[in-house]
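Per chain, numbering begins at 1; letters A, B, ... match sequence-line order. What you are looking at is a predicted structure, and each value in this text was computed from that prediction instead of being measured.
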Amino acid sequence: MNNRIEIKKLTKHYETFFLDDVSFKVPKGYITGFIGPNGSGKTTTIKSILSLIHQYKGTILYNGQDICGENKSYVEDIGIVMDSTFLAKDWTIKNVERAMSVGYSNWDQHQFEDYLKVFEIDQTLKVKELSRGMNTKLMLAIAFSHQAKTLILDEPTSGLDPIIRDEFREILQAYVEDEEHTVLFSTHITQDLEAIADYIVFIQGGKIYFTGSVDDFLNRYVIVKAGLDEADTIEASAIIGSRQYHTRFEAMILREDLPKISDHWIVEKPTIDQIMVFHKRGNN
Amino acid sequence: MKILISNHSSIPLYEQIKNAMREAILSGDLKEDEKLPSIRAMAKELKVAILTVKKAYDALEAEGYLVSRQGLGSFVAPKNLELEREERQKELEAHLIKAVSIARQFDVSKTEMFELLDYIYESENNEQ
């Protein structure tokens with residue numbers, strides 16, 4: 001079994017928004033980045049994986065098993081870290097510990113206390129007294145203390161300073177080092193992914209635009225630039241997204257379409273951010 | 001082993017890692033049959049994706065610098081003098097090509113280049 005999670009043709013309709021035939025895999029032992037603009041369906045997809053949403057078409061497999069059955073024990077195998085805490089604000093860390101020991105059959109109190117020490121979380125504090133970074137670390141400590149084989153992170157690093165984000169990346173790299181632990185990491189801070197993610201799932205408007213390795217994702221596109229007088233020498237069908245400024249024309253095309261461009265255009269490798277922006281922008 | 005990589009270089013990360021490791025092997029910093037860090041440990045160490053390091057290791061293996069043993073990890077391949085010579089020759093050629101292109105730029109003739117080369121060899125001999 002090489003895929004921890006496999007999503008096949010997930011389709012879900014809301015009044016203002018839908019997931020349309022979403023399919024992707026989360027390979028075991030790697031960090032997979034889940035990217036897309038706000039409202040593109042990331043959180044809905046994650047909620048479906050966690051069985052927090054039930055009514056949908058399609059199949060979700062966890063370790064090869066369909067999750068739609070009665071038995072939801074697979075959820076205990078997943079640690080969740082979100083941008084806001086799911087813990088009651090007035091709880092002390094002690095209360096948190098007690099609640100988790102009831103909630104998780106694999107709960108390891110000693111391990112939790114060890115992680116609190118490693119992460120320098122003061123046990124006497126209440127949840128609401130913790131900083132954002134501390135809250136994120138508390139959620140990580142919880143995930144690691146119930147032996148979660150999979151971490152699902154939903155915007156965990158938004159609002160965190162660069163130092164804590166760096167520490168966070170190191171924790172994730174150590175987590176997947178054993179080839180067993182797996183991370184699905186949804187974020188807008190794509191530098192984090194460019195640094196450590198192995199695979200990318202790119203969703204926009206409820207549709208999957210790309211799944212594959214980060215390298216392939218970044219090598220798939222190029223950004224080309226030229227003067228406005230040359231903007232129309234490139235065929236419109238080759239342009240994924242473009243923008244005209246007063247001084248220049250910029251477009252993103254597939255690398256394989258490079259021969260369609262005249263030699264003296266400036267060609268650049270895009271960042272993940274640029275790929276998202278040009279996709280959203282389209283060709284006007 | 002020294003591995004310095006730059007996120008701002010135009011050379012892909014995996015190639016930078018590959019080059020640094022090859023250099024460590026050719027210079028003898030990494031010894032024949034020495035066990036290398038696992039791909040995952042190296043990824044953590046360098047703060048890059050696992051697949052990036054894997055690509056570097058795979059390329060080094062394809063070029064004969066590494067051997068991977070099932071379940072044991074990656075090791076420095078037995079010294080291959082021919083490979084090493086070839087590698088150094090490539091390096092030498094690259095430098096010479098550069099020298100020739102500078103010579104052309106400033107209208108230095110082929111004969112003058114040979115004279116220069118002779119001069120360099122001579123002065124080195126005298127120093128020894």
Side-chain angles (χ1 to χ4, degrees), chain A residues 2 4 25-33 35 157 162-163 165-185 187 190-201 211-220 222-223 255 266-273, chain B residues 1-24 30 34-63 65-76 97 101 105:
Chain A
N2 290 320
R4 180 50 55 77
K25 294 163 184 174
V26 181
K28 187 174 88 176
Y30 291 96
I31 298 174
T32 298
I35 57 166
T157 47
I163 297 141
R165 274 172 40 219
D166 185 60
E167 203 180 335
F168 188 75
R169 291 196 295 248
E170 284 183 3
I171 292 168
L172 293 187
Q173 289 200 287
Y175 180 71
V176 297
E177 195 183 346
D178 70 350
E179 307 189 23
E180 180 64 41
H181 292 113
T182 305
V183 176
L184 178 64
F185 188 167
T187 183
T190 52
Q191 299 103 294
D192 288 346
L193 298 179
E194 264 159 49
I196 59 164
D198 298 294
Y199 296 97
I200 282 282
V201 176
T211 70
S213 77
V214 174
D215 251 16
D216 289 347
F217 186 57
L218 293 173
N219 285 324
R220 186 175 154 85
V222 286
I223 303 228
R255 185 174 286 274
I266 291 176
V267 177
E268 275 175 5
K269 196 176 163 182
T271 61
I272 293 178
D273 277 354
Chain B
M1 170 173 38
K2 180 170 82 177
I3 302 184
L4 302 174
I5 53 175
S6 162
N7 286 313
H8 305 290
S9 161
S10 62
I11 303 166
L13 278 178
Y14 91 91
E15 212 170 307
Q16 293 183 47
I17 298 166
K18 187 188 95 172
N19 291 344
M21 291 182 70
R22 188 180 55 200
E23 199 45 49
L30 283 173
E34 191 170 329
K35 189 176 191 308
L36 292 158
S38 75
I39 289 172
R40 282 157 191 271
M42 187 66 104
K44 193 175 69 163
E45 159 71 25
L46 298 173
K47 295 192 180 185
V48 301
I50 297 161
L51 290 183
T52 305
V53 177
K54 189 174 185 314
K55 208 166 164 182
Y57 275 45
D58 285 349
L60 286 167
E61 190 174 349
E63 289 173 22
Y65 293 100
L66 298 187
V67 283
S68 67
R69 297 184 192 134
Q70 193 65 41
L72 294 174
S74 302
F75 297 80
V76 178
I97 287 167
S101 97
Q105 221 171 327

Side chain / backbone / both / neither for [X] at chain B, heavy atoms under 4.5 Å:
{"X": "A:V214", "value": "neither"}
{"X": "A:E194", "value": "neither"}
{"X": "A:D198", "value": "both"}
{"X": "A:A197", "value": "backbone"}

Interatomic spacing from [atom1] in [X] to [atom2] in [Y] - rounded to 0.5 Å:
{"X": "A:S213", "Y": "B:K55", "atom1": "OG", "atom2": "NZ", "answer": "7.0 Å"}
{"X": "A:Q191", "Y": "B:N7", "atom1": "CD", "atom2": "CG", "answer": "11.0 Å"}
{"X": "B:I50", "Y": "A:Q173", "atom1": "CD1", "atom2": "CD", "answer": "7.5 Å"}
{"X": "B:L51", "Y": "A:D216", "atom1": "CG", "atom2": "CG", "answer": "9.0 Å"}

Item to complete: Kindly indicate whether the side chain of B:K47, heavy atoms from C-beta on, has any atom under 4.5 Å from the side chain of A:D166.
Response: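 Yes. Closest side-chain heavy atoms under 4.5 Å.
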
Item to complete: Run the numbers on B:V48 and A:I196 for side chain to side chain contact (heavy atoms under 4.5 Å, CB included), then give the verdict.
Response: CA-CA 5 Å; B:V48 301; A:I196 59 164; over 6 Å; no

Discussion item. Any salt bridge linking A:E170 with B:K44? Criterion: basic side-chain nitrogen under 4.0 Å from a carboxylate oxygen.
Written reply: no

Discussion item. Does B:R40 form a side chain to side chain contact (heavy atoms under 4.5 Å, CB included) with A:D178? I'd like the steps, not just the answer.
Written reply: CA-CA 8 Å; B:R40 282 157 191 271; A:D178 70 350; 5.9 Å; no

